[in-house]
Amino acid sequence: MANEVEEEEMKRIVTETEKTFAKNFNIFDLPDVAPGLPPHLELQRTRVFCKNDAPIHTTSVSYSGAYNAVGENNSVKLESFSENFRVEVISTSPDGMELEFDMIGIDAAIANAFRRILLAEVPTMAIEKVFVANNTSIVQDEVLAHRMGLIPIVANPRIFEYLSENDQPNEKNTIVFKLHAKCAKGEVRRKVLTNELIWLPNGSELVKESGVSTSKPKTFTSFCRSQDSFPEFADNPIAPSYPDILIAKLGPGQEIELEAHAVKGIGKTHAKWSPVATAWYRMLPEVILQKEFEGEQAQKLVRACPAKVFDIEDMGNGRKRTKVARPRDCTLCRECLREEFGEPKPKAKGEDKSKREWIDNVALRRVKNHFIFKIESTGSLPPDVLFTEAVKILEDKCERVIADLS
Amino acid sequence: MEHGSFTNEREGTFTLAEEDHTLANAVRFMLNQDPRVTLAGYSIPHPSLECVNIRVQTTGDPAREVLKDACQELMIMNRHVRSVFDKAVAEFKAEQEQKKQREIDSMDIETH
């Protein structure tokens, strides 16, 4: 009899709906459990912490299931990427050859790919062969040739083709320059600058020596038509980016006569083909004061920062506190995290615990998916075109892999 | 080129010739974002060899398809980056132009 009662009770306590509820129960469905990652994990995921001794949480968490245990999906969906990705142009230089912009909402892996491609894989034109007819200057032929190679040239590389080993140099793959500079006897020493380089749109003028005498002398290039007739070069002739780059110096009686052939190439082969002086990025600095710094302390904090990140703010009633005015200028020198900041070194270790307190209250961080990108072009293409070219090159790489796999 | 077994297509190592960290690291990132992937990594066997090995292991789908999807996704991402960038630059240039125009206008007023 007692058994029956027990059974009856059991049935009443655990009903079928309760069983299914228990099976499908998920703690994250409860209304008082906040959605998303807990704040400390979210901070570790999105920020690099710059501590006194070393930065921590520097890597980006890329594994899609990294936060499964707290019910968060870490994978980046294309839609959410498209929604969140932003670009903000900050500044350009007066000549338009430098560009600074913010790229927000992208991972370092991809931002770095853009940077690496800019440095090493966007093609440009650079002098590859130098035919020296006469050189009596003190600069040796090979040194002179190397210097010539490094001169940036304004010519859209997209109109040109690569010159492969067995190709004849022609108007589609070679740009020819002539240089003839002389310092007469009795004159003073002079400079040879890039403005003396003369573009030869009809190709080489140097005659190839050959045993057989033919009616038409052969030169080092075989141009079918003049590069003048290209619509791209009709208005703006090909020339070095800057007219005042020093090539050599000539003493009295010295002379240089040569012809230089520029071809298309990429920075991976030789740095002279790199289209940028440099391209770099940094993550956005974030400076947070976790408590109010007032009075004398505020002054000290402002003084301690060599990048002038902090300002003094008036709170009224004669009270003043520190304000983070220019976090973007922060170089993360960590001068504000030093124990003896703005003060002579403490005499003994662990003497003053109060100092430790404010060190812990200034947080220096970097935003992991916010990149301040800077491109400094050498002048062959404007930096915005260089960036789009770089992205296109990465696209082509992907396409190639897909084609290989199919 | 693919090195893998014929019986188990859930895992494979893919050798990409003439590639380096530039592509491999980006692809690895894309692969790790994919919930179907249990392991993804890459290595460059020797600095003088121009190739990378990309290792992909999945929960069940063919590794080759997953890698292809990752590349596809990266490509779409790039296309989006390009369009957003072009738009931002165009906007900035227009703004700059406007600023210049305004400066000229204000100078005219001062001289008159």
Side-chain angles (χ1 to χ4, degrees), chain A residues 60-66 68 73-78 81-82 85-92 96 99 101-103 105-117 119-121 268 382-385 387-406, chain B residues 1-2 12 14-40 50 52 54 56 59 62-96:
Chain A
S60 59
V61 183
S62 59
Y63 176 50
S64 61
N68 277 352
N73 187 0
N74 189 43
S75 64
V76 173
K77 292 270 155 42
L78 265 180
F81 170 79
S82 305
F85 179 72
R86 278 187 300 137
V87 171
E88 281 166 22
V89 182
I90 303 298
S91 65
T92 55
L99 177 71
F101 61 95
D102 282 18
M103 232 177 7
I106 197 163
D107 192 79
I110 294 163
N112 193 40
F114 295 151
R115 186 192 62 84
R116 285 175 63 98
I117 291 172
L119 289 172
E121 285 175 67
K268 214 194 243 173
D384 51 323
V385 177
F387 186 79
T388 34
E389 285 294 306
V391 180
K392 267 188 214 161
I393 288 169
L394 189 57
E395 265 171 59
D396 290 345
K397 280 171 182 284
C398 296
E399 210 164 336
R400 225 198 68 195
V401 174
I402 293 169
D404 275 3
L405 288 174
S406 312
Chain B
M1 193 175 62
E2 185 179 354
F14 301 86
T15 304
L16 306 181
E18 284 156 41
E19 291 298 349
D20 56 6
H21 299 283
T22 308
L23 182 71
N25 193 33
V27 168
R28 181 187 60 170
F29 169 74
M30 295 311 290
L31 281 168
N32 273 323
Q33 294 287 317
D34 195 328
R36 294 174 296 175
V37 171
T38 52
L39 180 142
E50 267 211 350
V52 285
I54 298 181
V56 187
T59 50
R64 168 184 283 265
E65 293 306 312
V66 172
L67 179 61
K68 222 164 36 180
D69 286 353
C71 289
Q72 190 74 41
E73 213 147 290
L74 184 58
M75 214 159 80
I76 297 167
M77 231 162 150
N78 283 338
R79 243 175 248 155
H80 181 69
V81 168
R82 216 170 63 199
S83 72
V84 171
F85 177 81
D86 285 344
K87 222 164 90 193
V89 168
E91 266 167 31
F92 178 77
K93 277 184 181 160
E95 213 173 276
Q96 241 26 28

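Note on naming: letters A, B, ... go to the chains in the order of the sequence lines (proteins, then strands), and numbering restarts at 1 for each one. All values below were derived from every heavy atom in this structure, side-chain atoms included, with hydrogens, water molecules and symmetry-related copies excluded.
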Working to the nearest 0.5 angstrom, can you tell me the gap between [X] [atom1] and [Y] [atom2]?
{"X": "A:S406", "Y": "B:E65", "atom1": "OG", "atom2": "CD", "value": "7.5 Å"}
{"X": "B:R79", "Y": "A:K392", "atom1": "CZ", "atom2": "NZ", "value": "12.0 Å"}
{"X": "B:D20", "Y": "A:R116", "atom1": "CG", "atom2": "CZ", "value": "4.5 Å"}
{"X": "B:T22", "Y": "A:R115", "atom1": "OG1", "atom2": "CZ", "value": "8.5 Å"}
{"X": "A:I110", "Y": "B:N78", "atom1": "CD1", "atom2": "CG", "value": "7.0 Å"}
{"X": "B:C71", "Y": "A:K397", "atom1": "SG", "atom2": "NZ", "value": "11.5 Å"}

In terms of heavy-atom proximity below 4.5 Å to chain A, should [X] be classed as side chain, backbone, both, or neither?
{"X": "B:K93", "result": "side chain"}
{"X": "B:E19", "result": "side chain"}
{"X": "B:V37", "result": "backbone"}
{"X": "B:D86", "result": "side chain"}

Practice task
Can you label the angle between the B:F85 ring and the A:F387 ring as parallel, tilted or perpendicular, going by 30° and 60°?
Solution key: tilted

Sub-4.5 Å side-chain heavy-atom contact between [X] and [Y]:
{"X": "A:S62", "Y": "B:Q33", "value": "yes"}
{"X": "B:E50", "Y": "A:K268", "value": "yes"}
{"X": "B:F14", "Y": "A:V401", "value": "no"}

Between [options], which has the largest tally of heavy atom pairs under 4.5 Å with chain B?
{"options": "A:A390, A:A120, A:S64", "answer": "A:S64"}
{"options": "A:L99, A:I117, A:T92", "answer": "A:T92"}
{"options": "A:E88, A:R86, A:M103, A:E399", "answer": "A:E399"}
{"options": "A:V391, A:D396, A:I90", "answer": "A:V391"}

Give the minimum heavy-atom separation between [X] and [Y], together with the two atoms involved.
{"X": "B:V81", "Y": "A:F85", "value": "CA-CE2, 3.7 Å"}
{"X": "B:M75", "Y": "A:E395", "value": "SD-O, 3.6 Å"}
{"X": "A:C398", "Y": "B:L23", "value": "SG-CD1, 4.2 Å"}

Contact class of [X] relative to chain B, heavy atoms under 4.5 angstrom:
{"X": "A:I106", "value": "side chain"}
{"X": "A:S60", "value": "neither"}
{"X": "A:E121", "value": "side chain"}

Exercise for the section: Just do the side chain to side chain contact (heavy atoms under 4.5 Å, CB included) check on A:L78 and B:M77 with the steps written out, would you? Expected result: CA-CA 7 Å; A:L78 265 180; B:M77 231 162 150; 4.1 Å; yes

Fill in the blank from the handout: In terms of heavy-atom pairs under 4.5 Å with chain A, the winner among B:E18, B:H80, B:K87 is B:H80

Exercise for the section: Determine whether the aromatic ring centres of A:F101 and B:F92 lie less than 6.0 Å apart. Expected result: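 Not close enough - the centres of the two rings lie 6.0 Å or further apart.
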
